[in-house]
*Asks:* 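A single structure is presented below for examination.
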Amino acid sequence: MAKDTKSKVSAIGVLTSGGDAPGMNAVIRAVVRRGRSKGLKTMGIYRGYEGLMNDEVRELAAKDVSDIIQRGGTILNTARCAEMRTDEGLQRAADACRRNGIEGLVVIGGDGSFAGAQKLANLGINTIGVPGTIDLDIACTDYTIGFDTAVNTAMEAIDKVRDTSASHERVSIIEVMGRNAGYIALWAGIGAGAEDILLPEKYDYDEQRIINNIIETRRKGKKHHIIINAEGIGHSAAMASRIEAATGIETRATILGYMQRGGSPTSRDRVCATVMGAYAVDLLIAGKTKRVVAYKDGHVTDFDINEALAMQKDIDPYEYELSHALSYDYSKI
Ligand code: F6P
């Protein structure tokens, strides 16, 4: 197809950076197919910014992104690149873009990856960020690619732990990912009907209250107790030992770990990834740079990267209040 005559770029690249997330492949597919449909040359950059600096770049045609929309992980591989925090590294990345004829770059990742994209844009490379992280910790957007799949994975795992926890009449502490953010914990915990959900944003949990509640609920006949602990609080094994010692009830800790980052993306992740990837290409075609694609109130939109990086996000107060109000606490009934 001939190049869109109004397009401000003729060749674009796409890379994935930071922790992988289910749905990243769907973004790559959308970037390539949207770009090709507008007559652009589309290039895949392997191993994130590090691969870019080392010219790990190859043209991707429409057929090269067949059969990936349903696959977890990223076909481009990903890496965290410390060199992008240095002036030399940034210059190397900008030079590599020019050497490879990349006029516009789509960066799929989180805040750290966007900080690199913002600085690269200052060196004259048009960059657009697409939020891909299971953590949901990017303030400018209501949604990040991978979150829905990760929450569903965590919730299903919690359901399974609940079966065995109930059979053995145990207390279970289940630690979920999220780095310093508690969104996976909050959603998986509410979705699985957990008794307690511990979030790093709040750090207000009272272990003695939890212990008292476990003892009281057990006395009144409740057979198990599920505590969801966010990675940002951590120390689940030590917490389990303390709770077991104080209650006399067997308590086990399970750390779900990397399984939460894998698996086939849900329909929500695939569709949001497709829309956001195509939208990123549309922004580059329109000559935009230093933007982050976002979902706000159900619609795709974009923000200036500087503004996006400065925004703060907090736990939804109503969801937080419910996470306490709906737990099985005998002192309340
Ligand atoms: O950002 C995604 C995430 O899975 C976090 O939830 C977690 O803290 C981190 O990445 C783990 O990173 P790594 O893959 O470097 O161990």
Side-chain angles (χ1 to χ4, degrees), residues 15-27 46-51 71-85 107-117 129-158 173-189 191-192 197-203 228-237 253-266 268-269 272-273 276 292-294 308-309 311-315:
L15 62 79
T16 47
S17 169
D20 66 336
M24 281 184 163
N25 282 328
V27 185
Y46 292 79
R47 296 181 189 81
Y49 289 117
E50 205 177 299
R71 281 163 56 187
T74 159
I75 60 159
L76 294 176
N77 300 117
T78 184
R80 302 188 196 280
C81 180
E83 225 186 316
M84 278 299 279
R85 293 198 208 103
V107 174
I108 310 166
D111 276 348
S113 311
F114 296 164
V130 173
T133 166
I134 62 167
D135 300 338
L136 195 68
D137 60 348
I138 299 177
C140 69
T141 183
D142 296 339
Y143 194 70
T144 64
I145 294 153
F147 175 72
D148 192 54
T149 307
V151 164
N152 278 289
T153 301
M155 188 187 71
E156 284 164 22
I158 296 163
I173 300 174
I174 304 168
E175 187 173 311
V176 298
M177 270 190 168
R179 200 182 296 272
N180 299 318
Y183 301 101
I184 297 177
L186 183 65
W187 274 63
I197 304 172
L198 315 183
L199 306 176
E201 290 87 346
K202 301 295 178 187
Y203 226 104
I228 304 303
N229 188 26
E231 175 187 12
I233 291 181
H235 305 290
S236 296
T254 305
I255 298 173
L256 295 186
Y258 291 100
M259 65 178 293
Q260 294 161 97
R261 286 223 305 243
S264 181
T266 60
R268 183 167 189 199
D269 273 327
C272 289
M276 287 170 134
V292 175
V293 180
L309 289 174
M311 290 180 187
Q312 298 294 323
K313 189 171 194 168
D314 203 5
I315 291 289

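Indexing begins at 1, ligand by ligand and atom by atom, following the structure's order.
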*Asks:* If you have a sec, work out which protein heavy atom is nearest atom 2 (C) of ligand 1 and how many Å separate them, to one decimal?
*Replies:* D135 OD2, 3.3 Å
*Asks:* Count the heavy atoms of every other residue, nucleotide or ligand shown that sit under 6.0 Å from CD of E50, and state whether that count exceeds 12.
*Replies:* no
*Asks:* Provide the number and element of each atom of ligand 1 under 4.0 Å from a heavy atom of G178.
*Replies:* 6 (O)
*Asks:* Got a donor-acceptor contact below 3.5 angstrom from the T16 side chain to the N77 backbone?
*Replies:* yes
*Asks:* Counting only N and O atoms by type, is there a donor-acceptor contact under 3.5 Å from the side chain of E175 to the main-chain atoms of A253?
*Replies:* no
*Asks:* What is the closest protein heavy atom to atom 7 (C) of ligand 1, and at what distance does it sit?
*Replies:* E231 OE1, 3.5 Å
*Asks:* Short question: side chain of Q260, backbone of A150 - any donor-acceptor pair under 3.5 Å?
*Replies:* no
*Asks:* Which residue supplies the protein heavy atom nearest to atom 3 (C) of ligand 1, what is that atom called, and how far is it?
*Replies:* R261 NH1, 3.5 Å
*Asks:* Going by the order shown, which atoms of ligand 1 are within less than 4.0 Å of some heavy atom of Y258?
*Replies:* 13 (P), 14 (O), 16 (O)
*Asks:* Which residues pass the salt bridge (Lys or Arg N to Asp or Glu O under 4.0 Å) test with E83, sequence neighbours left out?
*Replies:* R92
*Asks:* Taking distance alone, with N or O pairs closer than 3.5 Å, would you say I134 contacts ligand 1?
*Replies:* no
*Asks:* Looking only at the side chains, is there a donor atom on one of T266 and N152 sitting less than 3.5 Å from an acceptor on the other?
*Replies:* no
*Asks:* Ring pair (Phe, Tyr, Trp, His ring centres under 6.0 Å) with F147: which residues, sequence neighbours excluded?
*Replies:* W187
*Asks:* Identify the closest protein heavy atom to atom 12 (O) of ligand 1: which residue and atom is it, and at what distance?
*Replies:* R80 NH2, 2.9 Å
*Asks:* Closer than 4.0 Å to some heavy atom of R179 - which atoms of ligand 1 meet that?
*Replies:* 1 (O), 5 (C), 6 (O), 8 (O), 9 (C), 10 (O)
*Asks:* With the threshold set at under 4.0 angstrom, would you say Q260 reaches ligand 1 through any of its heavy atoms?
*Replies:* no
